[in-house]
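A quick write-up on the structure given underneath.
No hydrogens, no waters, no symmetry mates; every other heavy atom, side chains included, goes into these values. Counting from 1, the numbers follow the sequence of the chain as shown.
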Amino acid sequence: MLSIQGIYDGKKLKLSEKIDVHTPKKVIVTFLEEEGWNEESLRNFSAQTNGLEFWENEQENIYQDYLKPKHKRK
């Protein structure tokens with residue numbers, strides 16, 4: 001059994017660590033009471049190993065389309 005912390009923002013689940021699982025697995029998702037994130041708890045969460053690795057994922061880059069050169073139609 002593997003337990004990993006994460007944050008669900010209402011649309012996506014962001015895990016605090018990268019996992020190496022490549023086959024379907026059963027999971028249990030538990031929504032905890034609102035913790036009341038403050039600056040220190042956010043800093044501690046992001047300081048965890050790979051806590052912000054999702055930033056390196058192009059799919060998470062909301063500005064990706066903005067940075068691509070636009071082709072002009074003839």
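- Minimum interatomic distance between Lys11 and Asp9 (heavy atoms only, all atoms of both residues): N-OD1, 2.8 Å.
- Criterion: ILVMFWY side-chain heavy atoms under 4.5 Å apart, direct or through other members. Under it, Leu13 and Phe31 are part of a common hydrophobic cluster.
- Taking all atoms of both residues into account, the shortest heavy-atom contact from Glu17 to Ile4 is N-CG2, 4.1 Å.
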